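Structure, as structure tokens:
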Number of protein chains: 2
Amino acid sequence: MASDHTRSAILAAAERLYADRGFGDVTLRDIVAEANVNLAAVNYHFGSKDELIAELFVTRSIATNRERLHELKAAEVQGGGRAPIEVILRALVGPTLRGCLGPENQRSTAARFMIRASIESVPPIRRIKNREIDHLRKFAGAMRRSLPDRSDVEIYWGLNFALAMAHHTIRESERLTKLSEGKCDLDDVEDVVARVVSVATMALTAGKVEAMAPARALARDAR
Amino acid sequence: MASDHTRSAILAAAERLYADRGFGDVTLRDIVAEANVNLAAVNYHFGSKDELIAELFVTRSIATNRERLHELKAAEVQGGGRAPIEVILRALVGPTLRGCLGPENQRSTAARFMIRASIESVPPIRRIKNREIDHLRKFAGAMRRSLPDRSDVEIYWGLNFALAMAHHTIRESERLTKLSEGKCDLDDVEDVVARVVSVATMALTAGKVEAMAPARALARDAR
DNA sequence: GATAGTTTCATACAACTGTTTGAATTGCAA
DNA sequence: TTGCAATTCAAACAGTTGTATGAAACTATC
């Protein structure tokens with residue numbers, strides 16, 4: 001076990017390079033050069049390139065998930081088992097948004113890495129993401145408790161849309177800035193969180209979709 | 001020019017393989033094998049692998065964009081220059097959703113290819129996507145005309161969230177199905193379109209975000 | 001201070017990649 | 001038919017990739 005210095009140097013270098021240049025453009029040789037380490041060290045310490053990526057992603061994922069669940073649990077305890085839906089949604093999307101948005105120069109390497117992981121979906125990461133469902137189920141449960149009159153379908157759609165707005169905004173933050181000519185301020189993270197939470201709350205608490213049928217008919221007519 | 005047979009055989013085979021297995025796993029040799037064509041034919045007809053991918057993506061993109069603009073224009077003409085916001089949003093997200101969702105076995109190769117293009121963001125495609133902003137600007141304009149009392153910032157956020165819900169639902173359709181244990185029916189495309197349009201409409205027409213401050217304060221207290 | 005186990009290192013390997021080459025073939029016009 | 005351009009083809013090229021090897025260096029234990 002010795003010093004572990006090599007191991008952590010590889011992890012740090014890999015995360016930095018992946019964050020900066022993406023998975024496709026970074027080779028093991030780039031990583032070991034950045035880490036001032038021998039090429040064979042990667043396979044010695046991690047087994048393979050994919051396992052290195054997986055370890056990076058898993059580490060960051062559990063950190064985010066822990067943060068999410070911590071916020072959720074605190075809210076539910078305070079609310080006697082039923083947290084307000086806004087607070088649940090905030091616990092769901094807040095940590096990720098706060099980590100990945102904000103002024104570019106103070107965005108952490110970890111956050112930039114997670115953005116890459118969300119943009120360039122590489123096999124080892126995809127495998128891990130598929131196991132994230134149990135984690136989401138906990139939020140679905142909390143949402144159901146918060147909105148007992150809503151059907152499961154509505155809960156899941158609300159959850160889906162909340163994640164959609166958060167992740168898409170992160171992924172396409174550059175494009176939104178360009179499109180809006182800077183009018184949408186993505187550095188004001190708490191504003192973004194508030195917007196996402198607000199819309200998701202409306203999606204979950206407004207009249208059921210079936211009540212929106214008029215809009216549907218209207219659109220059909222317009223064709 | 002001769003027969004063009006080789007050229008279109010390559011395009012068809014490439015689209016099919018990319019749709020099925022993703023960009024990362026398909027080599028030129030796979031493509032020429034599938035197309036029963038010589039390896040050098042790709043570089044002869046397209047110049048490079050990236051240009052082949054770009055041509056595929058551009059073709060499909062203009063098709064979708066044309067469809068979107070056709071719906072939009074029709075609605076604006078009928079409304080005398082101002083289309084209802086629901087119809088605009090439907091024109092924005094409808095074509096993509098209809099192409100990429102629905103029963104798996106009847107999803108076209110083209111649609112499956114576009115899903116891949118949205119999941120695995122490969123360099124040539126990313127370059128093209130960045131030029132899609134002008135296209136989105138047309139929708140922003142229509143939305144502004146439809147909702148003259150809304151600020152630009154609100155319009156752009158609404159546009160962003162509408163695209164977010166549509167694209168994320170496509171990208172993560174498998175996960176949503178699994179998470180909801182099939183309760184969310186992604187094969188009912190028109191239902192999905194209606195949900196997305198309905199939430200986006202609420203986002204654009206409901207009270208301003210600032211009015212949501214209570215929710216924000218609430219969340220702060222809960223921490 | 002010898003030994004056993006861990007870690008580092010230079011180097012080679014084997015496979016795969018997109019691309020190029022130059023000759024063979026085809027199709028069409030004169 | 002002849003000639004010429006467009007197309008196809010087999011083969012090789014040049015580069016890169018992740019991984020494996022076996023010797024060397026180190027570290028801690030007895």
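Numbered from 1 within each chain, the chains take letters A, B, ... in sequence-line order. Scope of the values below: all heavy atoms of this structure, side chains included, with no hydrogens, waters or symmetry mates. Just so we're clear, the structure is a prediction, and the values are computed from it rather than from any experiment.
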Please report the distance, rounded to the nearest Å, between [atom1] in [X] and [atom2] in [N].
X	N	atom1	atom2	value
B/R7	D/dT7	CZ	P	10 Å
A/L52	D/dT19	CG	P	10 Å
A/H45	D/dG18	NE2	P	18 Å
B/N43	D/dT7	CG	P	15 Å
A/F46	D/dA20	CZ	P	16 Å
A/Y44	D/dA23	OH	C1'	15 Å

Report, one line per pair, each donor and acceptor closer than 3.5 Å where one atom sits in a side chain of residues 44-52 of chain B; sequence neighbours left out.
unit_1	atom_1	unit_2	atom_2	d
B/S48	OG	B/E51	N	3.2
B/S48	OG	B/E51	OE2	3.2

> Reading nucleotides 10-17 of chain D 5' to 3', which nucleotides get B (base under 4.0 Å from a protein heavy atom), which S (sugar-phosphate only), which -?
Replying inline: B-B----B
> Can B/V199 and A/M202 be said to form a side-chain contact (heavy atoms from CB on, under 4.5 Å), step by step?
Replying inline: CA-CA 8 Å; B/V199 175; A/M202 285 193 290; over 6 Å; no
Give a yes or no on whether a salt bridge exists between [X] and [Y], defined as a side-chain N under 4.0 angstrom from a carboxylate O.
X	Y	value
A/E55	A/R7	yes
B/E132	A/R175	yes
B/R21	B/D30	yes

> Can you check whether B/T6 has a side-chain N or O nearer than 4.0 Å to OP1 or OP2 of D/dT8?
Replying inline: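 It does, given that an N or O in the side chain of B/T6 lies less than 4.0 Å from OP1 or OP2 of D/dT8.
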>> Quick check on C/dT8: is either OP1 or OP2 less than 4.0 Å from any side-chain nitrogen or oxygen of A/H5?
In response: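 Looking at the OP1 and OP2 atoms of C/dT8, neither is under 4.0 Å from any side-chain N or O of A/H5.
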Donor-acceptor contacts under 3.5 Å from residues 136-145 of chain B side chains, at least two apart:
unit_1	atom_1	unit_2	atom_2	d
B/R137	NH1	A/L179	O	2.9
B/R144	NH1	B/D152	OD1	3.0
B/R144	NH1	B/D152	OD2	3.3
B/R145	NH1	B/E76	OE1	2.8
B/R145	NH1	B/E76	OE2	2.6

